[in-house]
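Step one of this worksheet: look at the structure below.
This is a predicted model, so every value here is computed, not measured. So that the names make sense, note that chain A is the first sequence line, chain B the second, and so on, each numbered from 1. Basis for what follows: all heavy atoms, side chains included, without hydrogens, waters or symmetry-related copies.
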2 protein chains.
Amino acid sequence: MKPGPRRSISQADIVDAAFEILEEKGFAAVSVRGVAAALGLTPTALYTYFESKSALQAAMVEQLLAGVADAGTIGPADEVSDQDASAGTWRDRVLALAVALRERLVAHAGAVVLITSGPLDGARARDLEEALIACFAEAGLDSDDAARAGRAVRAHVVGAVALETARRAAPEQMPEPATLWREPSRHPLVEASAHLALDGDAAADSLRWGVERLIDGVVPAR
Amino acid sequence: MKPGPRRSISQADIVDAAFEILEEKGFAAVSVRGVAAALGLTPTALYTYFESKSALQAAMVEQLLAGVADAGTIGPADEVSDQDASAGTWRDRVLALAVALRERLVAHAGAVVLITSGPLDGARARDLEEALIACFAEAGLDSDDAARAGRAVRAHVVGAVALETARRAAPEQMPEPATLWREPSRHPLVEASAHLALDGDAAADSLRWGVERLIDGVVPAR
DNA sequence: ACCTGAACACCGTTCAAGT
DNA sequence: ACCTGAACACCGTTCAAGT
């Protein structure tokens, strides 16, 4: 185990190791030193493959987004299974893209922080944006509105998943002090809707609902 | 300058100092040690006021959100200045809340990362959510849909600002290598819409557009 | 209660050196 | 080219001790 040219490892291996740590211990635990150790390397060795930690993170984002844009080009019957198995209208494809993006983000704990902390202008991010804009262009929007709509869908998904996962990652909440008399709440509406955000399925439904409403607002002709 | 009870400082002072660092040097630079130094204290002294760094960050989120919910209760004529100065319909109030939230998030660089890295379930976050749901309830939606709509607006704003500020914080992009023959782009639609995301005003307009479309989709009756 | 100083177990990154 | 080892300037947090 002496130093020397070994090339035993690739950029992809490093990204994989980083994702493993991300999934197991969260975003904060993804350190250059930790990833290197997981690969049996010294931290400085990683700087041969990536110029900095943020370059590594950019590569992670690219891998995370890989294939999401394809969810809109293949038939959406697999992703949007509760629809008619009919052809991929632009509406179905927008939904499929949104759902696919959400699934990628939810799959790894801490992926949203990862995606939020960088510019999101890599090749696969552009693929996704291109696919979304194409859908809205097909729907008849002019190029500016189609771009705005694509941006809006992307923002919607990112924001929804950010709020969803932040809630899930909440630390142990201190139990309410046992009180005999309930004070009237300052947030009755919020509490009445608490049942909507419990599990991941409800969150997925909420996202679909939001994107569908957004589409309805963008292309009102039904 | 000997140790001893001094109480020369309050929780608010610490939060203020933290915001100053956030604004000047970004989210990553907000450290317990740095904040303490800015106040002329030892890092450990801060643990008398806040149980942990994340407790400090939660307090920062609360201060950031303070007053945002009020943007929907006061007349929106100030925030939504290009509308008729007429009364606050629920629609105007939703827009005013969204714009106010965006302004708070954009005001401090790194505020989105701050808000994304925590649960966002403090008192002021609930105030905002409550105000949004109330608007949609007034619009005639049942309580579940009103909650979904409120959630959607919040997600939309957070996501839009996240994408907006991430783009702005991008490091120096390497200049395209000078080429004489342009290769056909893989993302023509994305590039054709680049003019939409240049400055902050355009971003603000994009957000308003998106929220308006979302509202249109949620309450189609116009 | 409020604060210090020392300490523990970490970080990202650079640099000189080895093969 | 790929890797190590030492080093620099940082982290969050804990603990014993001072007033």
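- Counting to the nearest Å, the P atom of D:dC11 and the CZ atom of B:F27 are 14 Å from each other.
- Listed nucleotides D:dT13, C:dT13, C:dC3 differ in distance to B:K53; the shortest reach to its side chain belongs to D:dT13.
- When rounded to the nearest whole Å, the span between OH of B:Y49 and C1' of D:dT13 equals 18 Å.
- When the P atom of D:dT4 is taken as reference, atom CG of A:L39 falls 11 Å away, rounded to whole Å.
- Of the candidates D:dT13, D:dT4, C:dC3, D:dT13 carries the atom nearest the B:S52 side chain, counting heavy atoms from C-beta on.
- On a pure distance criterion of 3.5 Å, a polar donor-acceptor pair joins the side chain of B:T44 and the base of C:dG5.
- Here the C1' atom of nucleotide C:dC11 and the CD atom of A:Q57 are 13 Å apart, to the nearest Å.
- Note on ring orientation: taking the six-membered ring where Trp is involved, the planes of B:F19 and B:H108 are tilted (angle from 30° to 60°).
- Contact check for B:S206 versus B:E164: no side-chain heavy atoms found under the 4.5 Å cut-off.
- If you check C:dC3, C:dT13, D:dC3 against the side chain of A:T48, the one that comes closest is D:dC3.
- Put simply, CZ on A:R33 is 11 Å from C1' on D:dG5, counting in whole angstrom units.
- Under the Watson-Crick or G-U wobble criterion, with both distances below 3.5 Å, D:dC10 has no partner in any strand shown.
- Here the side chain of A:S31 is nearest to one of C:dT13, D:dT13, C:dG12, namely C:dG12.
- Counting heavy atoms from C-beta on, the side chains of A:R186 and B:D127 come closer than 4.5 Å.
- Between the NZ atom of B:K25 and the C1' atom of D:dC11 there is a distance of 15 Å, rounded to whole Å.
- With a 4.5 Å cut-off on side-chain heavy atoms, B:I115 and B:L65 count as touching.
- The separation between B:L46 atom CG and C:dC2 atom P is 13 Å, rounded to whole Å.
- Side-chain atoms of A:T42 and A:T44 form no donor-acceptor pair, as typed in the model, at a separation below 3.5 Å.
- Atom pair A:Y47:OH and C:dG12:C1' shows a separation of 4 Å (rounding to whole Å applied).
- In a base pair of the Watson-Crick type (N1 to N3 plus N6-O4 or O6-N4) or a G-U wobble (N1-O2 and O6-N3), with each distance short of 3.5 Å, C:dA16 is matched with D:dT4.
- Between C:dT4 and B:T42, a contact under 4.0 Å exists linking OP1 or OP2 to a side-chain N or O.
- Comparing D:dC10 with C:dA9, their P atoms sit 22 Å apart, to the nearest whole Å.
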